Amino acid sequence: MDSEKLGVIGAGIMGNGIAQVAAQSGFQVILIDVDNQALENGIRTILKSLSRFEEKGKISQKDIDEIKSKIKPTINFDALADVHVVIEAIPEDMVMKKKVFQQIESICNKEAILATNTSSLSITEIASVTNRPEKVVGMHFANPVPIMPGVEIIKGLETSQETLDAVYDLAIRFGKTCYLAKDFPGFAGNRLLMPMINEAFYILWQGISTAEDIDRVGTLSLRHPMGPLELADLIGLDTVLSILEYLHKEIGERYRPSPLLKQLVLGKQLGVKTGNGVYDYKDGKKKSRLF
Ligand code: NAD
């Protein structure tokens with residue numbers, strides 16, 4: 001097992017961000033996806049993000065070359081055999097996550113930590129398909145990963161203190177600060193965030209305010225860096241809906257997803273990643289839409 005090598009599964013919004021931060025922190029990174037196009041897009045996003053750091057004078061072209069050389073994109077899960085930590089960032093779907101954890105259980109070294117970036121799902125349930133539940137842990141990064149400093153650490157029923165200590169150390173090496181939550185649907189972060197986003201969709205759907213004005217409540221009156229609808233588009237409306245459906249099922253009525261959010265997801269209008277969602281991003285600029 002190589003303590004300087006880690007694996008990231010899923011090269012989407014979160015996975016490519018985690019891979020970037022890990023490589024910037026000096027790790028060799030195996031970046032896995034089932035889709036070669038997703039790997040290509042992931043690497044492109046990483047290079048774009050690094051060039052923004054370069055423009056700000058925070059890193060050099062030599063650093064970029066070095067960081068890039070540390071990331072090995074592949075669709076071959078066997079490349080995870082000697083990593084010491086895997087961080088899974090595939091879609092928010094329990095069936096998919098269990099399949100991947102079963103797969104990596106048989107490939108990764110017995111001592112490797114298996115972390116999940118799930119936003120809301122049970123760490124204990126994911127761990128139940130492995131033979132090492134003490135080494136399974138939630139490591140919930142915030143989007144965009146290279147910028148956001150907080151990481152929510154979630155302890156499953158059997159997660160050991162040794163595993164918690166190891167992921168705290170890892171997050172510190174990534175330049176992040178951790179906070180701890182129990183394994184309950186949505187943990188702390190999304191119990192707070194999702195009701196606000198969902199309410200923003202209800203306000204828009206009821207015609208009480210425009211999307212821009214709802215977002216201005218967030219930026220001007222709450223001092224958030226972006227409004228709840230812009231944030232939903234950034235997260236991905238499919239991910240927001242999956243989290244809300246799970247919280248609705250597990251906790252109750254107050255998390256019932258807004259019909260407008262559901263409609264946008266049915267129309268595959270998932271936000272920034274598909275080019276439209278609450279807003280239209282097709283010409284590289286954010287434009288409002290009428291609902
Ligand atoms: P995404 O849809 O952008 O990316 C998911 C990637 O996983 C895709 O590239 C897809 O091809 C790949 N994938 C699908 N099945 C796979 C498999 N079996 N093996 C390997 N790769 C597979 O999703 P995302 O927004 O990056 O979310 C990933 C996870 O992170 C989810 O659990 C989500 O809840 C969580 N999360 C998301 C955000 C956010 O703001 N988007 C924030 C925190 C946590």
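For reference, positions follow the sequence shown, starting with 1. This is a predicted model, so every value here is computed, not measured. Both ligands and their constituent atoms are indexed starting at 1 by order of listing.
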With a 3.5 Å cut-off and sequence neighbours excluded, list the donor-acceptor pairs that the side chains of residues 13-21 form with protein atoms.
residue: Asn16; atom: ND2; partner: Ala11; partner atom: O; Å: 3.3
residue: Asn16; atom: ND2; partner: Gly12; partner atom: O; Å: 2.8
residue: Gln20; atom: OE1; partner: Ser49; partner atom: OG; Å: 3.0
residue: Gln20; atom: NE2; partner: Gln24; partner atom: OE1; Å: 3.1
residue: Gln20; atom: NE2; partner: Ser49; partner atom: OG; Å: 2.9

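- Geometrically, Lys58 does not engage Phe53 in a cation-pi contact, judged by NZ or CZ lying under 6.0 Å from the ring centre and within 45° of the ring axis.
- With hydrophobic clusters built from ILVMFWY side chains whose heavy atoms lie under 4.5 angstrom apart, Met226 shares a cluster with Ile203.
- Taking a cutoff of 4.0 Å between a charged side-chain nitrogen and a carboxylate oxygen, Glu111 and Arg132 do not qualify as a salt bridge.
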Under 3.5 Å, which donor-acceptor pairs link side chains of residues 134-146 to any protein atom two or more places apart or in another chain?
residue: His140; atom: ND1; partner: Glu152; partner atom: OE1; Å: 2.8
residue: Asn143; atom: ND2; partner: Leu234; partner atom: O; Å: 3.4

Could you tabulate the donor-acceptor pairs under 3.5 Å formed by side-chain atoms of residues 265-275, not counting sequence neighbours?
residue: Gln269; atom: OE1; partner: Arg289; partner atom: NH1; Å: 2.7
residue: Gln269; atom: OE1; partner: Arg289; partner atom: NH2; Å: 2.8
residue: Lys273; atom: NZ; partner: Asp238; partner atom: OD1; Å: 3.0
residue: Lys273; atom: NZ; partner: Asp238; partner atom: OD2; Å: 3.2
residue: Thr274; atom: OG1; partner: Leu270; partner atom: N; Å: 2.8
residue: Thr274; atom: OG1; partner: Gly271; partner atom: O; Å: 3.3
residue: Thr274; atom: OG1; partner: Asn276; partner atom: O; Å: 3.1

Tabulate distances under 3.5 Å between N/O atoms of ligand 1 and N/O atoms of the protein, writing both atom names on each line.
residue: ligand 1; atom: 2 (O); partner: Lys273; partner atom: NZ; Å: 3.3
residue: ligand 1; atom: 3 (O); partner: Ile13; partner atom: N; Å: 3.0
residue: ligand 1; atom: 9 (O); partner: Asp33; partner atom: OD2; Å: 2.7
residue: ligand 1; atom: 11 (O); partner: Asp33; partner atom: OD1; Å: 2.7
residue: ligand 1; atom: 11 (O); partner: Asp33; partner atom: OD2; Å: 3.4
residue: ligand 1; atom: 26 (O); partner: Ile13; partner atom: N; Å: 3.3
residue: ligand 1; atom: 26 (O); partner: Met14; partner atom: N; Å: 2.8
residue: ligand 1; atom: 30 (O); partner: Asn117; partner atom: ND2; Å: 2.9
residue: ligand 1; atom: 32 (O); partner: Ile90; partner atom: O; Å: 3.3
residue: ligand 1; atom: 32 (O); partner: Glu92; partner atom: OE1; Å: 2.6
residue: ligand 1; atom: 32 (O); partner: Lys97; partner atom: NZ; Å: 2.8
residue: ligand 1; atom: 34 (O); partner: Glu92; partner atom: OE1; Å: 2.9
residue: ligand 1; atom: 34 (O); partner: Ser119; partner atom: OG; Å: 2.6
residue: ligand 1; atom: 36 (N); partner: Ser119; partner atom: OG; Å: 3.2
residue: ligand 1; atom: 40 (O); partner: Asn143; partner atom: ND2; Å: 3.0
residue: ligand 1; atom: 41 (N); partner: Ile235; partner atom: O; Å: 2.8

